[in-house]
Amino acid sequence: MNDEPGAVAVPEDMRASFSGSLIQPGDDGYEDARRVHNGLIDKHPALIARCLTTADVVDAVNLARERALEIAVRGGGHNVAGKAVTDGGLMIDLVPMKGIHVDARARTVRAQPGVTWREFNRAAAIHGLATTGGVVSSTGIAGLTLGGGLGYLMGRYGLASDNLLSAEVVTAEGRVLAASPDEHEDLFWALRGGGGNFGVVTSFQYRAHPVTTVLGGLLVHPLSTAPAVLDCFRQFTAAAPDELGVGCGLVHAPDGSGAKIVALPVCHAAEDLQQAEADLKALREFGPPAMDTVQPMPYPAVNTMLDDAFPRGALNYWKSAFLTELSDAAVRMIVDAFEQAPSTMTCIILDHLHGAATRVDPTATAFPHRQPGYSLLLLTQWADPVDTRSNIAWTRETFEALAPYMADRRYMNYMSADDGGFVRQAYGPNYDRLVEVKRRYDPDNLFHLNQNIDPAP
C-alpha cells in the first residue's frame, strides 16, 4: 500500500485481479511511466494503471469514475499537447497492450492501442501489407488514428481513420462496445476524427493494402534556394498522382552544423517502380538537389527516415493550420521566419493533402478536412529549458504573422495544450453532431483530457 500524500487507495479485489501493474508516486518505474514524448510536459498522476487487457481498462475507468479522478489515456504518448498524462488523477497507460493480428487473406490488421507504427508496419509487412500511418515510427497508432491520421499513403488509400473498420471501446460507464458500420454506427463515425472524447479504444481493426517496396527517400536543397524549391513543390504537387506522398520541410541539417536546409521526404507507392521513377523525375532533377537519397526500399523503412529529428524528451511547442493557398507571399514569410528560428531542432513542415483523402465527404467521418491543399506546422523543438520562452515566443509570433494565409481549420493531432479555443475549427461542420454523440456516450465529460467536445448544453 503506497502511503505517499495524495495516493489513491486501490481496492484489494482490483489489485488481486489486475493483469497489468498499478504504479503510484515513489514506486519503481513511476518516473519513466509518467513521462510522454514532449519533454515540456511535466505532470504527476496519483495513479498509473498500466493495462494489459480490456478488463484492466474497465477496472481503471470504473475506479476513476467512482473516485472522481481525472482520467488521462496514454497510447503512444506522442501528442504534443500532453493530454496523455494528468496531474493528480489516473493515467490509463495502454503502452503494454501490444497485440497485433494480421489476417492476410482478408487484408485486415487488428492491433491494440499500445502499438506504435514501427511495430504495426513490421507485422503487416511480413504479409506484404500496409495501411496509412504516421511518418515518425515511434508514434502510436491510437492517437494518430482517432485524430484523423495523415501519412504517406493517404493519397492512394485515405487517412488512417478512413481505413478503420471497427473498434472495441470502453465507455465512461465501463461498458465494452463494438463500434463499426453495423454496430453503434454513431460512435464509429465519431471515432474517425473525434479523438479520445468518447471512451478508451482497446482494439483497432484496419483495412490493409498490398504495399511492399516503395520509391522513397529525401531530396535536400540549401535554404538559399527555398523560394524556388517551394515553387517547384507547389507546382509538382498540383498534379501529383495518388500514389505519391511528398512533403516539404524547412529543417536543420542532421550533422549538428546548424545549417538550414529544405528537405522533401518522398514515398511513391506504385506497383510499377519504373512508373514511380518517371513520376518523380521532374522533382529529382530540379535544382538539382544537393542530396538525393531516393531509392527502392521496404515501406516500413520509409516511415523511419525522419525519426532522428524527433527525439523523445525534447521540449516541443507547435502551432498549425491549413493554408488557403501556398502563395508567393506566404512562401516568403515562411522562409524569412525560419531564418530567425531560435533553435537548431526546429522545423516548418508542409503536408500535402490530396488524392483519396480528399475524395471523402467532409461529414462522412468526424474528420472534416477534405479540401486538397497544404497543412502548415510550426514544429518548434529545443533541449534546454532556459530557451523555452524564446522558442514559444517565436512560434506564436510566426503563427500570428502567417494568419492572413490560413484557413479557419485546424488538424487536431497538431494542436498544442493552449489551442483549446480552436476546437470548433478542428471539428468544423461536424462539431454539433459530435456533441450529440458525446452526450450519448460520455454525458459527464469523464474523458475531457483531449481536444474536448463539451457535452454541456
Side-chain angles (χ1 to χ4, degrees), residues 5-6 25-26 29-46 48 72 74 76-89 91 135-136 138-140 143 222-223 226 249-263 306-321 333-350 376-403 410-411 413-422 449 451:
Y30 174 84
E31 285 299 314
D32 184 63
R34 74 177 182 87
R35 297 191 183 277
V36 291
H37 189 85
N38 184 0
L40 193 62
I41 308 301
D42 185 24
K43 297 181 181 179
H44 297 77
I48 300 174
R74 174 180 175 167
H78 255 253
N79 184 262
V80 67
K83 305 289 189 179
V85 60
T86 167
D87 256 331
M91 179 183 188
V135 301
V136 177
S138 56
T139 304
L223 187 68
L250 278 63
V251 303
H252 292 85
D255 58 8
S257 66
K260 292 179 169 66
I261 58 176
V262 185
L306 304 181
D307 286 4
D308 290 345
F310 305 102
R312 186 176 189 266
L315 287 74
N316 280 257
Y317 183 78
W318 300 2
K319 288 294 178 186
S320 173
M333 188 166 288
I334 289 168
V335 175
D336 290 345
F338 184 65
E339 288 178 338
Q340 305 303 317
S343 170
T344 58
M345 299 175 69
T346 287
C347 50
I348 299 179
I349 295 173
L350 291 163
L376 171 76
L377 172 61
L378 307 178
L379 198 159
T380 307
Q381 292 187 111
W382 63 101
D384 191 337
V386 171
D387 299 325
T388 294
R389 181 174 294 181
S390 62
N391 279 279
I392 290 178
W394 174 84
T395 311
R396 289 175 174 170
E397 290 165 7
T398 301
F399 190 71
E400 290 174 8
L402 286 166
R410 301 288 184 271
Y411 178 34
N413 284 345
Y414 287 168
M415 290 168 65
S416 283
D418 59 358
D419 281 339
F422 294 116
L449 274 184
Q451 299 301 339

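Excluded from the calculations below are hydrogen atoms, water molecules and symmetry mates; all remaining heavy atoms, backbone and side chain alike, are included.
The two residues F310 and L306 have their closest heavy-atom pair at CD1-O, 3.2 Å. Across all non-hydrogen atoms, the minimal contact from S390 to P342 is O-CG, 4.0 Å. Shortest non-hydrogen contact noted between P25 and A46 is CD-O, 3.3 Å. Nearest heavy-atom pair across C347 and V251 is CB-CG1, 3.5 Å. Of all heavy-atom pairs between G77 and A84, the closest is CA-CB, 4.5 Å. Scanning both residues, V335 and L250, for their nearest heavy atoms gives CA-CD2, 3.9 Å.
Rounding to the nearest 0.5 Å gives a distance of 10.5 Å between CD1 of I392 and CG of N316. The structure places CH2 of W318 at 8.0 Å from CG of N79, a figure rounded to the nearest 0.5 Å. Going from atom CD1 of I334 over to atom CG of L376 covers 5.0 Å, rounded to the nearest 0.5 Å. T398 contributes atom OG1, which lies 9.5 Å from atom CE of M333 (distance to the nearest 0.5 angstrom). For the atom pair OG1 (T395) and CG (L378), the distance works out to 6.5 Å, reported to the nearest 0.5 Å. The distance from the CD atom of E397 to the CG atom of L402 is 12.0 Å, given to the nearest 0.5 Å.
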Show your reasoning for whether side-chain contact (heavy atoms from CB on, under 4.5 Å) applies to K83 and Q451.
CA-CA 8 Å; K83 305 289 189 179; Q451 299 301 339; 4.1 Å; yes
Passes side-chain contact (heavy atoms from CB on, under 4.5 Å), H252 versus I261? Steps please.
CA-CA 6 Å; H252 292 85; I261 58 176; over 6 Å; no
Verdict with supporting geometry, L315 and M345, side-chain contact (heavy atoms from CB on, under 4.5 Å):
CA-CA 10 Å; L315 287 74; M345 299 175 69; over 6 Å; no
Show the numbers, then the answer: is there a side-chain contact (heavy atoms from CB on, under 4.5 Å) between H44 and D42?
CA-CA 7 Å; H44 297 77; D42 185 24; 3.6 Å; yes
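Side chain of N38 to main chain of V36: no donor-acceptor pair is present (N/O by atom type, distance under 3.5 Å, no hydrogens or angles). Not one N or O on the side chain of T86 forms a donor-acceptor pair closer than 3.5 Å with the backbone of P45. For the pair R74 (side chain) and R35 (backbone), a donor-acceptor distance under 3.5 Å is present. Proximity of a side-chain donor or acceptor of D32 to a complementary backbone N or O of G29 within less than 3.5 Å is not detected.
Not counting sequence neighbours, R410 has no partner by the salt bridge (Lys or Arg N to Asp or Glu O under 4.0 Å) test. Under the side chain to side chain donor-acceptor pair (under 3.5 Å) criterion, S320 pairs with no residue, sequence neighbours left out.
Looking only at side-chain heavy atoms (C-beta outward), L379 and I348 stay at 4.5 Å or farther from each other.
Across N391, D418, V80, T346, a single residue satisfies side chain to side chain contact (heavy atoms under 4.5 Å, CB included) together with Y317, and that is D418.
Ion pair E400/R396 not flagged as a salt bridge, since none of the NZ, NE, NH1 or NH2 atoms sits closer than 4.0 Å to an Asp/Glu carboxylate oxygen. Using a cutoff of 4.0 Å between basic side-chain nitrogens and carboxylate oxygens, D87 and R34 are not scored as salt-bridged.
By the 30° and 60° cut-offs, the orientation of the rings of F399 relative to F422 is perpendicular.
There is no side-chain donor-acceptor pair under 3.5 Å between D384 and W382. H37 and S138 form no side-chain donor-acceptor contact under 3.5 Å, judged by distance and modelled atom types alone.
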